[in-house]
Amino acid sequence: MMMMSSRLSRWTPLFFVCALANLLAAEGLIVAGLTWPTQAISTPGTLVAVHLLTVGWLLLLMLGALFQFVPVITSKPLVSQRIALVTLVAVQGGLIGMICGFSRLGGESSVHAVALPTGGAAVLVGVLIASWNIGVPLLRARPMTLPGRMILTALAFLLVTVMLGLSFALALTVPALTPDLAPLLARVGDHALAGLGGWFTLAANGRQLQIADDVHARARGARHRG
Ligand code: HEM
């Protein structure tokens, strides 16, 4: 019992509550007609809704699930329960900054010049901490399973996605300081593909594969006992 409780992630329910709140906020924007398809793609409302769904909903949901799931499949604890909470605060706080920045994009205000890259940097910090927290038990597990490898690859795609996003944010808000980043804005398709195709799809399939393996192993065990 002691062993089991030390493996449970204390903050996973809070990750899920924040994820749900972000999903509801995105749905509110869609119902109010402030996003695509009522508005054009790449308008502030659409960018806010896209990131409420991708960072606020999918990323928090998946990280909350991985903090719970990785110690179970590796039989190794997370590096720290407390830094899982730091990840939540950095990603949720960073997302709020990104939303403030996106909503003022293209306007006269200088707020977005600070809020968008600062928010993106906070999300990057949260993701780096989460990658360390989850990556260490995955790398220490022997033998390294296919689901474990898929989750590690998914984390690499997540880092690429967030770093590209932060580069866009700098290119859009402080172009004079970061002229070399401007050509990257043409790579918005790669940003979306790395996030949805690389990070989210691989992480979700890694989890599903492990669950399917566990179900088969239990069924085999039950057949042998029977
Ligand atoms: C899992 C993480 C992420 C995913 C899946 C994701 C996905 C997307 C998608 C699908 C778009 C295109 C939206 C449209 O055209 O309306 C987009 C655009 C954008 N994203 Fe992200 N994003 C992520 C994280 C971030 C982060 C952390 C930042 C940092 C601030 C960021 C900054 C941007 C910017 C500035 C654009 C607009 C680029 C432009 O107008 O050319 N993204 N993102």
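Worth saying up front: this structure is predicted, and the values here are computed from it rather than measured. Each ligand, and each atom within it, is numbered from 1 in the order the structure gives. Just so it is clear, the values below take in all heavy atoms, side chains as well, and ignore hydrogens, waters and symmetry mates.
Atom 10 (C) of ligand 1 has Ala192 CB, 3.5 Å as its closest protein atom, hydrogens excluded (heavy atom only). When hydrogens are left out, the protein atom nearest atom 41 (O) of ligand 1 is Leu185 CD2, 3.8 Å; that is the closest non-hydrogen contact. Summary of contacts: the protein heavy atom closest to atom 6 (C) of ligand 1 is His191 NE2, 3.4 Å. Looking only at protein heavy atoms, the nearest one to atom 13 (C) of ligand 1 is Leu47 CD2, 3.7 Å. Looking only at protein heavy atoms, the nearest one to atom 35 (C) of ligand 1 is Phe168 CB, 3.5 Å. The protein non-hydrogen atom at the shortest distance from atom 31 (C) of ligand 1 is Gly165 CA, 3.4 Å. At the shortest separation from atom 26 (C) of ligand 1 among protein heavy atoms lies Met98 CE, 3.5 Å.
Other residues, nucleotides and ligands contribute over 12 non-hydrogen atoms within 6.0 Å of the CZ atom of Phe69.
Neither the backbone nor the side chain of Thr43 has any atom closer than 4.0 Å to an atom of ligand 1 (non-hydrogen atoms only). With a 4.0 Å cut-off on non-hydrogen atoms, Leu124 does not touch ligand 1 at all. In Leu172, the part holding a heavy atom less than 4.0 Å from any atom of ligand 1 is the side chain.
Those atoms of ligand 1 with a heavy atom of Phe102 less than 4.0 angstrom away are 32 (C), 33 (C), 34 (C), 35 (C). Those atoms of ligand 1 that come under 4.0 Å of a heavy atom in Leu166, given as number and element, are 29 (C). Every atom of ligand 1 with a heavy atom of Gly120 under 4.0 Å away is listed here by number and element: 29 (C), 30 (C). In summary, the atoms of ligand 1 found under 4.0 Å from a heavy atom of Val55, numbered by their order in the structure, are 2 (C), 24 (C). Within ligand 1, the atoms closer than 4.0 Å to a non-hydrogen atom of Ser42 are 14 (C), 15 (O), 16 (O), numbered from 1 in the order shown. Counting atoms of ligand 1 from 1 in the listed order, those under 4.0 Å from a heavy atom of Val50 are 8 (C), 9 (C), 10 (C). Taking every non-hydrogen atom of Ile41 and a distance limit under 4.0 Å, the qualifying atoms of ligand 1 come out as 14 (C), 15 (O), 16 (O). Using a 4.0 Å cut-off to heavy atoms of Thr161, the atoms of ligand 1 that qualify are 2 (C), 3 (C), 4 (C).
When each of Val136, Leu128, Ile134 is checked for a side chain to side chain contact (heavy atoms under 4.5 Å, CB included) with Trp132, only Val136 meets the rule.
Checked against atom 21 (Fe) of ligand 1, the N, O or S atom of His51 at the shortest distance is NE2.
Taking CG of Leu139 as the start and OG1 of Thr74 as the end, the distance is 10.5 Å to the nearest 0.5 Å. Atom-to-atom distance recorded for Leu124:CG and Ile129:CD1 is 10.0 Å, nearest 0.5 angstrom.
The closest side-chain heavy-atom distance from Phe15 to Thr87 is below 4.5 Å. Between Ile73 and Arg207, the closest side-chain pair of non-hydrogen atoms is not below 4.5 Å. Under the 4.5 Å side-chain criterion, counting only non-hydrogen atoms from C-beta, Leu61 is in contact with Phe16. Counting only heavy atoms from C-beta outward, the side chains of Val86 and Arg82 never approach each other to under 4.5 Å.
Of the possible donor and acceptor atoms, one in the side chain of Gln81 sits under 3.5 Å from a partner among the backbone N and O of Arg10.
For the pair Pro147 and Gly206, the tightest heavy-atom approach, listed with the atom from each and the gap, is CB-O, 3.3 Å. What you find for Ala122 and Gly94 is that their closest heavy atoms are CB-CA, 3.7 Å.
Residue contacts with ligand 1: Thr54 is placed with no nitrogen or oxygen under 3.5 Å of a nitrogen or oxygen of the ligand (distance criterion only). Considering backbone and side-chain N/O of Thr46, none are found under 3.5 Å from N/O of ligand 1.
Closest to atom 12 (C) of ligand 1 by heavy atom, among Leu184, Val188, Val91, is Val188.
When the side chains of ILVMFWY residues are joined at heavy-atom separations under 4.5 Å, either directly or via intervening members, Leu24 and Val17 end up in two distinct hydrophobic clusters. In terms of hydrophobic clustering, with Ile, Leu, Val, Met, Phe, Trp and Tyr side chains grouped at heavy-atom distances under 4.5 Å, Val162 and Leu185 are assigned to a common cluster.
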